[in-house]
Amino acid sequence: MNQTTYIIGAIFILFAITMITRIFPFIFGNLLKNSTAVQTLGEYLPASIMVLLVLYEINIKSITTAPYGIPACLGLIIVTLVHLWKRNIIFSITAGTVSYMLFIHIL
Amino acid sequence: MKQELNRALQLSSPIFFAYFPLGMVFGILACHLGMSWQIATLMSVLVYAGSVQFVALSIILSHGSYFSLIFAALFIAMRNCFYGLHLLERFNTRWPLKLFLIFGLVDATYALLVTHPSTESGKDKLFCFFLTLFIYLYWVLGSLFGAIFSQWLPQFPGLKFVLPAFFMVLVIEIYLKTSSLKRFIIPIIAAIAAYFISPNNFLLIAIVLSIGLILLTNYRKVLAK
């Protein structure tokens with residue numbers, strides 16, 4: 001499969017998936033509202049997914065080779081501190097990313 | 001109509017400063033990773049899901065299979081299933097409009113709609129429409145802007161860090177809302193296990209393990225009638 005076909009295929013798959021997940025409650029709403037398993041997952045799963053995405057995006061494999069994920073950890077600590085201080089999403093992301101860029105340059 | 005338009009514009013303006021730059025970063029990253037500006041913009045127009053798009057970039061770049069793409073996207077987008085539940089009555093309107101409102105139900109739209117209940121009946125659908133449209137445009141225009149200008153921007157090593165930073169902010173927000181650390185222990189255990197089982201399918205295995213652990217640790221609640 002050539003690269004462009006692969007990417008366009010991927011875009012249409014993703015379009016279908018976001019549409020399905022968004023329309024789902026409007027079709028099966030009453031069923032979902034009464035399922036305790038769905039309610040429990042609705043309460044706890046978002047936190048899990050977000051943590052896993054952080055780990056996935058810093059590339060967990062990088063921890064075993066130099067610089068052992070130290071720039072990423074420092075970057076995340078900065079994001080956390082800045083966000084707890086200002087609670088401004090764009091400001092926190094910018095501060096974290098700029099310091100990460102500095103860290104990978106220095107370390 | 002003008003009143004609804006103004007209200008939607010005013011309420012959504014802070015979102016502009018989040019979605020436009022983030023869309024821009026998406027456009028820049030997508031193009032630096034080898035997509036054309038048309039494809040990058042098309043992705044924002046059709047998919048319209050920030051976290052899904054960013055994760056998809058990583059998967060597409062590593063030539064992941066459609067299966068791993070579907071699986072990752074499904075679970076990241078799944079939180080939307082819970083958003084819709086709160087808007088069943090409010091989105092009860094003609095299908096073309098209803099479909100657009102459902103398509104545009106992203107984190108920011110959901111947060112604004114839930115915190116700003118309908119004022120007078122009849123005109124509320126119009127307000128929902130404008131709000132959804134504006135937020136959608138911020139994202140699409142940001143992506144377009146970033147994709148077009150990426151050619152003239154140098155490749156910054158480390159720009160990719162916006163993604164973990166973005167998800168980290170969401171983690172902190174969830175923590176601030178729930179103030180319980182308990183729910184963050186499960187994904188960490190799942191992550192460590194998934195790493196040892198198969199680092200190449202890390203995300204997929206870790207999500208499945210998390211679901212299992214959540215249901216297992218809350219089995220009393222799940223089984224209670």
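Proteins get letters first, then strands, A, B, ... in listed order; numbering begins at 1 in each. Computation of the quantities below employed the complete heavy-atom set of this structure, encompassing side-chain atoms and omitting hydrogens, waters and symmetry-equivalent molecules.
Side-chain contact annotation: B/Y138 with B/S12, donor-acceptor N/O pair under 3.5 Å present.
When the candidates A/T94, A/I93, A/L41, A/T18 are compared by the number of heavy-atom contacts under 4.5 Å with chain B, A/I93 comes out ahead. The most heavy-atom pairs under 4.5 Å with chain A, out of B/Y219, B/F54, B/F91, come from B/F91. Interface summary for chain A: among B/I174, B/T178, B/V169, B/V106, the most heavy-atom pairs under 4.5 angstrom belong to B/V169. Chain A forms more heavy-atom pairs under 4.5 Å with one residue of B/F184, B/F161, B/Y175 than with any other, namely B/F161. With chain A as partner, the option from B/L74, B/L22, B/I214, B/N92 having the largest number of non-hydrogen pairs under 4.5 angstrom is B/I214. When each of B/V162, B/L42, B/I207 is scored by its heavy-atom pairs under 4.5 Å with chain A, the top score falls to B/V162. In terms of heavy-atom pairs under 4.5 Å with chain B, the best-connected choice from A/V51, A/T21, A/T40 is A/T21. Among A/N88, A/V82, A/I7, the residue with the largest count of heavy-atom pairs under 4.5 Å with chain B is A/I7. Between chain A and the options B/L176, B/I186, B/L170, the largest number of non-hydrogen pairs under 4.5 Å is found for B/L176.
Taking CG of B/L113 as the start and CG of B/L87 as the end, the distance is 6.0 Å to the nearest 0.5 Å. Atoms CD1 and CZ, from A/I17 and B/F75 in turn, are 10.5 Å apart once rounded to the nearest 0.5 Å. For the atom pair B/F20 CZ and B/I135 CD1, the distance stands at 15.0 Å (nearest 0.5 Å).
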Chi angles and distances behind the ring pair (Phe, Tyr, Trp, His ring centres under 6.0 Å) call for A/Y6, B/Y66: CA-CA 9 Å; A/Y6 167 69; B/Y66 280 159; 5.5 Å; yes

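Contacts classified as salt bridge (charged side-chain N to carboxylate O under 4.0 Å, His left out) and involving residues 81-92 of chain B (residues at least two apart or in different chains) are given here: B/R90-B/D124.
The main-chain N or O of B/T132 is never found under 3.5 Å from a side-chain atom of B/T109 such that the two would form a donor-acceptor pair. Between the side chain of B/Y19 and the backbone N or O of B/A108 there is at least one donor-acceptor pair closer than 3.5 Å. For B/Y136 (side chain) and B/V45 (main-chain N/O), a donor-acceptor pair under 3.5 Å exists by modelled atom type. Judged by distance alone, with hydrogens and angles left aside, the side-chain atoms of A/R22 form no donor-acceptor pair with the main-chain N or O of B/I102 at under 3.5 Å. Panel note: side chain B/S210, backbone B/A206; a donor-acceptor pair is recorded below 3.5 Å. Formation of a donor-acceptor pair under 3.5 Å by the B/S62 side chain with backbone atoms of B/I59 is found in this model. Checked by atom type and distance alone, the side chain of A/N2 pairs as donor or acceptor with a backbone atom of A/T5 at under 3.5 Å.
For the residue pair B/F71 and B/V208, the shortest heavy atom distance occurs at CZ-CG2, 3.6 Å.
Both the backbone and the side chain of B/L46 come within contact range of chain A, with heavy atoms under 4.5 Å apart. For a residue to count as touching a neighbouring chain, one of its non-hydrogen atoms must lie under 4.5 Å from one of that chain's; by this rule A/F24 touches chain B with the side chain only. Residue A/I90 touches chain B through its side chain alone, counting heavy-atom pairs closer than 4.5 Å. When heavy atoms are compared at a cutoff of 4.5 Å, A/F12 approaches chain B solely by way of its side chain, counted from C-beta outward. Both the backbone and the side chain of A/L52 come within contact range of chain B, with heavy atoms under 4.5 Å apart. Using a 4.5 Å cut-off between heavy atoms, B/Y48 touches chain A through backbone and side chain atoms alike. Both the backbone and the side chain of A/E43 come within contact range of chain B, judged by heavy atoms closer than 4.5 Å.
Applying a 4.5 Å heavy-atom cutoff, the residues of residues 27-39 of chain B that approach chain A are B/M35, B/I39. Residues of residues 97-107 of chain A lying within less than 4.5 angstrom of chain B, judged on heavy atoms, are A/T97, A/Y100, A/M101, A/I104 in numerical order.
A 4.5 Å side-chain heavy-atom check between B/V55 and B/F167 finds at least one atom pair inside the cut-off. In this structure, the side chains of A/H83 and B/M168 stay at 4.5 Å or more apart for every pair of heavy atoms.
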Under 3.5 Å, which donor-acceptor pairs link side chains of residues 69-78 of chain A to any protein atom two or more places apart or in another chain?
none

